[in-house]
Amino acid sequence: MPRLSEVIAALETLWPAERAESWDAVGTVVGDPDQEVTRVLFAVDPVQEIVDEAVKLGADLLVTHHPLYLRGTTTVAASTFKGRVVHTLIKNDIALHVAHTNADRADPGVSDALAGALDLRVVRPLVPDTTDPKGRRGLGRVCELDHPMTVRALAARAAERLPATVQGIRVAGDPEAPVRTIAVSGGSGDSLFDEVRAAGVDAFLTADLRHHPASEFAAASTRSPLALLDAAHWATEWPWCQLAATQLDEISDRHGWGLRVHVSPTVTDPWTAHAASATVQPESASRAPSDSHTPGAPN
């Protein structure tokens, strides 16, 4: 069986820590370099539910996409929820390793996995990594569809192919507009609007789109309409867990380690319920008589 230090060294070849954003917190959070590793669990979030799953599974190593302590801390007391995570990991000899923006920028990375889940052909990075002479690494991906489809149909495909969440897929733009090219970015993507517009794509699928950036983006894109598809953050990043597990399986086979590698099926998206609003057609609402009971914004 390999030692933790050997497995971490292999993971660092996939997602070198130096390729993470300067504000990020990646790498090994908990773990003895000399401990043996036989079973590995991949997940998006290092939350207690996932750690308990790792304990039940008998995992020696938990690899997550999201950091545990992104902004640092002054305590790991078990009275705090993150401290409890640390205590549970240490008591059960489970190491924790994080690959965040270094996995976003990787080749293949988080957005490649997202594109693969939707059967999109990756053309190039949305924001290329200037240190990559091959031009394959970077944030987001610009993709092509095998055949054009409407925004509505593309949203339906995303809803079907990505893990189910209560949010589903929100759409901004004409649902019947044709889509031939699309940019994708796993996780929060509204900081990439300038790059998306410059890419000349027909649509952008990402997560965590906020009201004002999305509204301003739509207003600035009236001459060349560009649809926005907003999925749940967790759902856009979970496909990476499958990709990463496959990569580690291949490394394990190559070294003869015999690792047992798992992907957590646990949904850690924080939203747990969704109440749909009544549908109102704008043109109908604008012509509704004053005594109409048509639902809409209060006067």
If you round to the nearest 0.5 Å, how far is [atom2] of [Y] from [atom1] of [X]?
{"X": "D93", "Y": "L89", "atom1": "CG", "atom2": "CG", "value": "10.5 Å"}
{"X": "Q35", "Y": "L4", "atom1": "CD", "atom2": "CG", "value": "5.0 Å"}
{"X": "L226", "Y": "F204", "atom1": "CG", "atom2": "CZ", "value": "9.0 Å"}

### Task
Only counting residues at least two apart or in another chain, list the ones meeting ring pair (Phe, Tyr, Trp, His ring centres under 6.0 Å) with W240.
W15, H65
### Query
By the rule that ILVMFWY residues connect when side-chain heavy atoms come within less than 4.5 angstrom, directly or transitively, which residues belong alongside I169?
L114, L118, L120, L145, M149, V151, L154, L162, V171, V179, I182, V184, L205, L229
### Query
Using links of under 4.5 Å between side-chain heavy atoms of ILVMFWY residues, direct or through other members, which residues join V166 in one cluster?
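In the cluster with V166 are W271.
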Would you check if there is a donor-acceptor pair between the side chains of [Y] and [X] at a distance under 3.5 Å?
{"X": "T131", "Y": "R137", "value": "yes"}
{"X": "E53", "Y": "T266", "value": "yes"}
{"X": "H233", "Y": "E237", "value": "yes"}
{"X": "T268", "Y": "E49", "value": "no"}

### Message
For residues 78-98, which residue pairs pass the ring pair (Phe, Tyr, Trp, His ring centres under 6.0 Å) check, not counting sequence neighbours?
### Response
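For residues 78-98, and leaving out neighbouring residues, there are no ring pair (Phe, Tyr, Trp, His ring centres under 6.0 Å) pairs at all.
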### Pairs involving residues 103-130, ordered by first then second residue, that meet ring pair (Phe, Tyr, Trp, His ring centres under 6.0 Å) (sequence neighbours left out)
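Found none.
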### Query
Should L11 and M1 be regarded as members of a common hydrophobic cluster, given that ILVMFWY residues are connected when their side-chain heavy atoms come within less than 4.5 Å of each other, either directly or indirectly?
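Result: no, two separate clusters.
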#### Entry: Cluster check V55, V261: I/L/V/M/F/W/Y, side chain < 4.5 angstrom
no
### More than 12 heavy atoms from other groups under 6.0 Å of CG on D34
yes
Results of side chain to side chain donor-acceptor pair (under 3.5 Å) for [X] - residues two or more places apart only:
{"X": "T38", "answer": "D60"}
{"X": "E21", "answer": "R105"}
{"X": "D107", "answer": "R136"}
{"X": "D249", "answer": "none"}

### Query
Which side chain to side chain donor-acceptor pair (under 3.5 Å) pairs, counting each pair once, include a residue from residues 153-172, with sequence neighbours left out?
D119-R161, R170-D230
### Query
With under 30° as parallel and over 60° as perpendicular, where do the rings of W238 and W234 fit, or are they tilted in between?
tilted
### With D174 via side-chain contact (heavy atoms from CB on, under 4.5 Å) - residues at least two apart
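For D174 the side-chain contact (heavy atoms from CB on, under 4.5 Å) partners, ignoring immediate neighbours, are E176, A177.
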### Partners meeting side-chain contact (heavy atoms from CB on, under 4.5 Å) with P213 (sequence neighbours left out)
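If we apply the side-chain contact (heavy atoms from CB on, under 4.5 Å) test to P213, skipping adjacent residues, the hits are D190, F193, R210.
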### Query
Would a distance-only check, ignoring hydrogens and angles, find a side-chain to backbone donor-acceptor pair under 3.5 Å from K82 to V76?
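Answer holds: no.
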### Message
Quick test of your reading of the model: are D129 and R19 salt-bridged, counting only N-O distances below 4.0 Å?
### Response
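Salt bridge flag = no for R19 with D129.
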